[in-house]
Amino acid sequence: MEFMEQRILRDGQVRPGNILKVDSFLNHQIDCRLLDEAGKAFYEKFRDRGITKILTVEASGIAIACLTARYFDVPVVFAKKSKSLNLDGDLYTSVVHSFTHNVDNTVVLSKKFLTDKDKVLLVDDFLANGKAMEGLIDICGQAGAQIAGIGIAIEKGFQCGGQRLRDAGYDVFSLAIVDAMTDDGQITFRH
Ligand code: 5GP
């Protein structure tokens with residue numbers, strides 16, 4: 001069994017509303033050794049794509065993005081959640097619906113950190129309905145940056161994001177794909 005699946009089975013908790021709680025190792029307390037292993041797996045998959053930047057969204061994708069970037073030896077850029085409007089034109093902006101908080105966030109990214117010369121790897125801790133990824137794809141479109149692939153720690157395969165992104169032609173690589181979760185804590189993975 002793969003390392004991310006093992007860790008989910010050991011420390012993940014199923015919560016109502018299709019939420020998998022992994023805050024003891026992924027997005028509150030962080031196991032850097034595990035995320036380093038994730039970064040290495042993304043590197044092995046995407047090393048030949050000429051990636052110039054790792055792109056994620058604030059906040060929970062930042063840690064995994066940083067450990068991934070160490071392998072690629074490129075910078076991390078993260079879209080920031082912001083309430084301010086793009087008044088001076090030096091920002092890309094997109095609206096992302098948050099699955100966990102059920103609100104729309106405007107995310108912004110400074111134009112100086114993403115251009116049409118970039119080839120990016122998008123990464124995040126979770127892929128659910130794909131809204132966070134769609135926001136990043138929108139920003140890459142505004143920048144003219146190429147998307148070389150998408151690396152996800154945990155994909156919830158019973159939600160539509162993964163299928164939508166793959167149908168659109170993106171190379172989505174998830175370290176664990178949860179196919180089903182029950183309220184009594186049973187988790188089934190896709191292989
Ligand atoms: P999406 O945009 O694909 O619908 O949802 C992905 C985002 O929502 C991720 O950035 C992640 O932070 C959050 N998320 C979605 N599902 C879960 C979940 O089951 N558990 C946790 N902890 N976060 C999730």
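The figures that follow rest on heavy atoms only: side chains count, while hydrogens, waters and symmetry mates do not. Both ligands and their constituent atoms are indexed starting at 1 by order of listing.
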Visitor: Less than 4.0 angstrom from a charged side-chain N to a carboxylate O is my criterion; do D179 and K156 meet it?
Guide: no

Visitor: Against heavy atoms of K131, which atoms of ligand 1 measure under 4.0 Å?
Guide: 1 (P), 2 (O), 3 (O), 4 (O)

Visitor: Could you tell me whether M133 approaches ligand 1 through its side chain, its backbone, both or neither, with non-hydrogen atoms closer than 4.0 Å?
Guide: neither

Visitor: What part of V57, side chain, backbone, both or neither, has a heavy atom within less than 4.0 angstrom of ligand 1?
Guide: neither

Visitor: What's the shortest distance from atom 8 (O) of ligand 1 to any protein heavy atom, and which residue and atom give it?
Guide: F99 CB, 4.0 Å

Visitor: Relative to the heavy atoms of L127, which atoms of ligand 1 are at a distance of less than 4.0 Å?
Guide: 3 (O)

Visitor: List the closest protein heavy-atom neighbour of atom 4 (O) of ligand 1: residue, atom name, distance to the nearest 0.1 Å.
Guide: N129 N, 2.8 Å

Visitor: Would a hydrophobic clustering, with Ile, Leu, Val, Met, Phe, Trp and Tyr connected at side-chain separations under 4.5 Å, put L26 with I177?
Guide: no

Visitor: Considering only NZ, NE, NH1 and NH2 on the basic side and carboxylate oxygens on the acidic side, decide whether R7 and D31 come within less than 4.0 Å.
Guide: yes

Visitor: Regarding atom 11 (C) of ligand 1: of the candidates V22, L165, D125, L136, which has the closest heavy atom?
Guide: D125

Visitor: Does a side chain donor of either D36 or Y71 reach within less than 3.5 Å of an acceptor in the other side chain?
Guide: yes

Visitor: Below 4.0 Å from ligand 1: does a non-hydrogen atom of K156 turn up there or not?
Guide: yes

Visitor: Please determine if H97 has a nitrogen or oxygen closer than 3.5 Å to a nitrogen or oxygen of ligand 1.
Guide: no

Visitor: Where on N27 is there a heavy atom closer than 4.0 Å to ligand 1, on the side chain, on the backbone, on both, or on neither?
Guide: side chain

Visitor: Return the closest protein heavy atom for atom 20 (N) of ligand 1 as residue, atom name and distance.
Guide: L20 O, 2.8 Å

Visitor: Any atoms of ligand 1 less than 4.0 Å from a non-hydrogen atom of N18? List them with their elements.
Guide: 19 (O)

Visitor: Where do D11 and S24 come nearest, in terms of heavy atoms and distance?
Guide: CB-OG, 3.6 Å

Visitor: For the residue pair L109 and V77, establish whether any side-chain heavy-atom pair is separated by less than 4.5 Å.
Guide: yes

Visitor: Are the charged groups of K21 and D23 less than 4.0 angstrom apart, N to O?
Guide: yes

Visitor: I need the contact type for A128 against ligand 1. Using non-hydrogen atoms and a strict under-4.0 Å cut-off, is it side chain, backbone, both or neither?
Guide: both

Visitor: Counting each atom of ligand 1 from 1 as listed, which ones have a heavy atom of I19 under 4.0 Å away?
Guide: 19 (O), 20 (N)

Visitor: Do the side chains of V22 and N27 get nearer than 4.5 Å, heavy atoms only?
Guide: yes

Visitor: Under a 4.0 Å N-O cut-off, is there an ion pair linking D118 with K53?
Guide: yes

Visitor: Can you confirm whether the side chains of H97 and N105 place a donor and an acceptor under 3.5 Å from each other?
Guide: no

Visitor: Which residue owns the protein heavy atom closest to atom 10 (O) of ligand 1, what's the atom, and how far is it?
Guide: D124 OD2, 2.8 Å

Visitor: Which ligand 1 atoms does A132 reach within 4.0 Å, using its non-hydrogen atoms?
Guide: 2 (O)

Visitor: Atom 12 (O) of ligand 1: which protein heavy atom is closest, and how many Å away?
Guide: S60 OG, 3.2 Å

Visitor: Is a salt bridge present between E37 and K40, judged by a nitrogen-to-oxygen distance below 4.0 Å?
Guide: no

Visitor: If the test is side-chain contact (heavy atoms from CB on, under 4.5 Å), which one of I54, V107, V123, T56 qualifies with F78?
Guide: T56

Visitor: With the threshold set at under 4.0 angstrom, would you say G130 reaches ligand 1 through any of its heavy atoms?
Guide: yes

Visitor: Between F126 and ligand 1, does any nitrogen or oxygen pair lie at a separation below 3.5 Å?
Guide: no

